Amino acid sequence: EREIDRIQESVPPLKSFIIPGGHTTVSYCHLARSISRRAERRMVPVIEKREDIGISMKLLNRISDYLFMLGRKVTKDLNCEEKIWNPLP
């Protein structure tokens, strides 16, 4: 949580969705994030049967949030530009 907060303070606030990518390392962060989100979704039926492992779901959620912020930080550190998603008018 502290690292997520620290990174969030160092990157510009988001006002739109961003399109992952821009650099290979950033893409790896977003790929890892999507894998953790997939694991999170796959845990839903398991948690419905075993509530005692609900903390695992929370951990996966925080890991994916961290990986998203890490991707933003790496983008900034590499002087890459975040690609903003602009829906069609």
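Values below: every heavy atom of this structure, side chains too, minus hydrogens, waters and symmetry copies. Please read all numbers here as calculations on a predicted model, not as lab measurements.
- Taking both residues in full, the closest heavy atoms of Ser27 and Gly21 are given as OG-CA, 3.6 Å, listed atom of the first, atom of the second, then distance.
- For the atom pair CZ (Arg41) and CE (Met57), the distance works out to 10.0 Å, reported to the nearest 0.5 Å.
- Here Ile7 is tied into one hydrophobic group with Ile4, Val11, Leu14, Ile18, Val26, Leu59, Ile63, Tyr66, Leu67, Phe68, Met69, Leu70, Val74, Leu78, Ile84, each link being a pair of ILVMFWY side chains closer than 4.5 Å.
- In this structure, Arg72 CZ and Ser10 OG are separated by 8.5 Å, a value rounded to the nearest 0.5 Å.
- The distance from atom CD of Glu40 to atom CZ of Arg62, rounded to the nearest 0.5 Å, is 10.0 Å.
- Closest of all the heavy-atom pairs between Arg33 and Pro20 is NH2-CG, 4.3 Å.
- In this structure, the side-chain contact (heavy atoms from CB on, under 4.5 Å) partners of Ile19, at least two apart in sequence or on a different chain, are Lys83, Trp85.
- Contact detail for His23 and Thr25: the closest heavy-atom pair is ND1-N, 3.0 Å.
- Put simply, CE on Met43 and CG on Asn61 are 11.5 Å apart, with the number rounded to the nearest 0.5 Å.
- Shown here for Ser64 and Ser36, the closest heavy-atom pair between the two residues is CB-OG, 2.9 Å.
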